[in-house]
Structure formats: structure tokens, C-alpha cells
> 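Encoded as C-alpha cells, here's the structure I'll be asking about.
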Amino acid sequence: MKEYKSKFTTMMFELLLGLAATWFVFNIVGKFTHSLIFASLAGVTVLVFFFYKIFYTDFITITLTDDKKMLVKRFNKVVNAFEIENYYWSEYSKNSKTKNAEDQDIYYISKETGKEDYIDASNLKGEDYAQLLKDLGAKNDNEPAIKVATTIK
């Protein structure tokens, strides 16, 4: 059984970004409205959004069990369970073959329905993310190059 957890330093960095965004919104709203109440409400709204995103949405643990299941947990409660063999796994969306360097989403397509969805794994360490993709079969290092025949007219 392998377990991949959210990285603490990434969460703290995002929290600092959230605090900076809160301060920025507080100052901008304060400048335009000249009201401490509206500025405070706007700042608190941004801060609550960041706390929700960082400590609830992104705080996940991904566990690969010995019986070929993947469990996505939040606060030790399973929120998603997957039979690995029933899905196609990829680091790219089926509509795109490229991605941003910082994008750490794991896309999966159901073999039965063809429905695509993704798991946001942005708080995992880079090496954990790459290892998880290998374990799911989404990334193969020793895959031979595909040769394409070209015709010259």
C-alpha cells in the first residue's frame, strides 16, 4: 500500500499568498469605498475562500491499495474510491496534449461511460506526483518512440 500526502510547505506558501491577496483586496476596497466595514468584509471573504481551498479542498491523501484500488481521502474520510483497472489515467485532458508546468491534475476517463473527470493533486510533491502517475500506468519511461511514415510529393 502506497500513500501520497499533501505537502505542508506548499500549503503554507498558498496560505501566504492568501494573506497577501486578503491585504490587497482590503486596501483596494478601502480606497474605493472609504468604508472600513466593506473593506473588512471583502478581506474576510477572500481569507475564508483561501482557507477553504487550502485546508479543505486541497488537503487530500491518495492511497493505492494492494488490491488495485485508489482511495482519495480528506481528513481520513474516503471521498472517492476507484478501481484502477476501470479507468484510463493521464496527466493530460483528452482534449489537450499539453499542460502548464505547474498543473498537477490527474485525469481519468471511465472505460464504461467515457466520462472524463480529474483529481487536483497540486499539493503533492513533484516526485510523488510523477510516481503516482507511473503507479496508475499514465506515464511510462521506457515506452518506445512512435515512428511516423512521411510521404514526399
Side-chain angles (χ1 to χ4, degrees), residues 1-66 68-141:
M1 180 162 77
K2 289 186 179 179
E3 193 168 77
Y4 302 96
K5 294 185 177 189
S6 294
K7 190 175 174 186
F8 180 74
T9 55
T10 303
M11 293 173 61
M12 290 301 108
F13 177 71
E14 288 183 1
L15 182 61
L16 288 175
L17 290 178
L19 292 173
T22 300
W23 181 250
F24 179 76
V25 167
F26 174 80
N27 283 318
I28 293 294
V29 172
K31 290 267 188 208
F32 285 113
T33 64
H34 301 289
S35 170
L36 184 63
I37 294 172
F38 286 131
S40 298
L41 284 174
V44 168
T45 302
V46 170
L47 189 63
V48 166
F49 169 75
F50 268 93
F51 271 107
Y52 176 77
K53 181 191 178 309
I54 295 166
F55 293 110
Y56 183 75
T57 306
D58 291 348
F59 192 64
I60 63 170
T61 301
I62 298 175
T63 305
L64 299 178
T65 63
D66 295 332
K68 299 281 186 181
K69 289 185 181 179
M70 182 174 83
L71 306 173
V72 179
K73 299 177 187 176
R74 187 173 288 127
F75 300 113
N76 286 331
K77 181 181 176 190
V78 176
V79 292
N80 276 333
F82 300 96
E83 293 281 340
I84 294 174
E85 301 297 324
N86 293 343
Y87 296 90
Y88 298 108
W89 300 94
S90 175
E91 62 182 320
Y92 303 106
S93 171
K94 67 180 177 180
N95 299 324
S96 171
K97 296 296 180 201
T98 61
K99 67 174 190 160
N100 294 335
E102 297 84 27
D103 187 20
Q104 286 190 338
D105 293 332
I106 300 171
Y107 292 92
Y108 57 92
I109 301 174
S110 172
K111 290 182 180 179
E112 294 175 5
T113 64
K115 181 181 177 234
E116 181 182 49
D117 206 350
Y118 71 96
I119 300 167
D120 182 8
S122 60
N123 277 348
L124 295 180
K125 290 188 239 177
E127 55 270 6
D128 284 351
Y129 173 71
Q131 184 62 44
L132 179 59
L133 287 173
K134 285 181 187 177
D135 292 343
L136 293 172
K139 202 174 202 181
N140 296 324
D141 288 337

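Just so it is clear, the values below take in all heavy atoms, side chains as well, and ignore hydrogens, waters and symmetry mates. Only a predicted model underlies this, so the values are computations on that prediction, with no experimental measurement involved.
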> Dump the intermediate steps for side-chain contact (heavy atoms from CB on, under 4.5 Å) on V72 and Y4, then the final yes or no.
CA-CA 10 Å; V72 179; Y4 302 96; over 6 Å; no
> Could you walk me through whether F55 and F59 satisfy the ring pair (Phe, Tyr, Trp, His ring centres under 6.0 Å) test, starting with their C-alpha distance in whole Å, then the side-chain angles of each, then the deciding distance to 0.1 Å, before giving a yes or no?
CA-CA 5 Å; F55 293 110; F59 192 64; 7.4 Å; no
> So S6 and I60, side-chain contact (heavy atoms from CB on, under 4.5 Å) or not? Walk me through it.
CA-CA 6 Å; S6 294; I60 63 170; 4.3 Å; yes
> Could you tell me whether the side chain of W89 and the main chain of D135 form a donor-acceptor pair under 3.5 Å?
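Side chain of W89 to backbone of D135, a donor-acceptor pair under 3.5 Å: no, none is there.
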> Do we see a donor-acceptor contact under 3.5 Å between the side chains of Y108 and N80?
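Y108 vs N80: no donor-acceptor pair found between side chains.
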> Give, for atom CE of M12 and atom CD1 of I54, the distance between the pair rounded to the nearest 0.5 Å.
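Going from CE on M12 over to CD1 on I54, the span is 7.5 Å.
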> In Å and rounded to the nearest 0.5 Å, what is the CG to NZ distance from D120 to K53?
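The distance works out to 6.5 Å.
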> Looking at F75, I'd like to know if its CZ atom is crowded, meaning that more than 12 non-hydrogen atoms belonging to other residues, nucleotides or ligands lie closer than 6.0 Å.
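For F75, atom CZ is crowded (more than 12 foreign heavy atoms under 6.0 Å).
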> Minimum heavy-atom separation for Y129 and A121, please, with both atom names.
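That would be CD1-CB, 4.2 Å.
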> Show the nearest heavy-atom pair for residues A81 and L71, with the distance to one decimal.
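Shortest heavy-atom separation between A81 and L71 comes out as CB-CD2, 3.7 Å.
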> For T63 and K73, run side-chain contact (heavy atoms from CB on, under 4.5 Å): C-alpha distance rounded to whole Å, both residues' side-chain angles, the deciding distance at 0.1 Å, then the answer.
CA-CA 8 Å; T63 305; K73 299 177 187 176; 3.9 Å; yes
> Looking at Y118, is its backbone amide N or carbonyl O close enough to the side chain of D105 to form a donor-acceptor pair, meaning the two atoms are under 3.5 Å apart?
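Looks like no, no N/O pair under 3.5 Å.
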> Taking NZ in K111 as the centre, count heavy atoms belonging to other residues, nucleotides or ligands within less than 6.0 Å. Is the count above 12?
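Above 12, so yes.
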> Can you check whether M1's main-chain N or O pairs, donor with acceptor, with D66's side chain at less than 3.5 Å?
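Yes; at least one donor-acceptor contact below 3.5 Å.
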> Rounded at 0.5 Å granularity, tell me how far CG in L124 sits from OG1 in T61.
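Result: 8.5 Å between the selected atoms.
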> Does K7 reach the side chain of D128, with side-chain heavy atoms less than 4.5 Å apart?
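No, every pair of side-chain atoms sits at 4.5 Å or beyond.
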> Could you go through W23 and L19, starting from their C-alpha distance and side-chain angles, then the distance that decides it, and tell me whether this counts as side-chain contact (heavy atoms from CB on, under 4.5 Å)?
CA-CA 6 Å; W23 181 250; L19 292 173; over 6 Å; no
> Give, for atom OG1 of T65 and atom CD of E3, the distance between the pair rounded to the nearest 0.5 Å.
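Separation between the atoms: 11.5 Å.
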> Kindly check if the number of other-residue, nucleotide or ligand heavy atoms within 6.0 Å of CD (E112) is above 12?
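12 or below, so no.
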> If you measure from CG on L136 to OH on Y107, what distance do you get to the nearest 0.5 Å?
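Result: 15.0 Å between the selected atoms.
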> Looking only at non-hydrogen atoms, find the nearest pair between F50 and A21 and report the distance.
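Taking F50 first and A21 second, the nearest heavy atoms are CE1-CB, 3.9 Å.
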> How long is the span from the CG atom in L132 to the CE atom in M70, to the nearest 0.5 Å?
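Atom-to-atom, L132:CG and M70:CE are 6.5 Å apart.
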> Can you check whether F51 reaches L15 side chain to side chain, under 4.5 Å on heavy atoms?
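Of all side-chain heavy-atom pairs linking L15 with F51, at least one is under 4.5 Å.
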> Where is the tightest heavy-atom contact between G43 and T22, given as atom of each residue plus distance?
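Heavy atoms of G43 and T22 come nearest at O-CG2, 3.2 Å.
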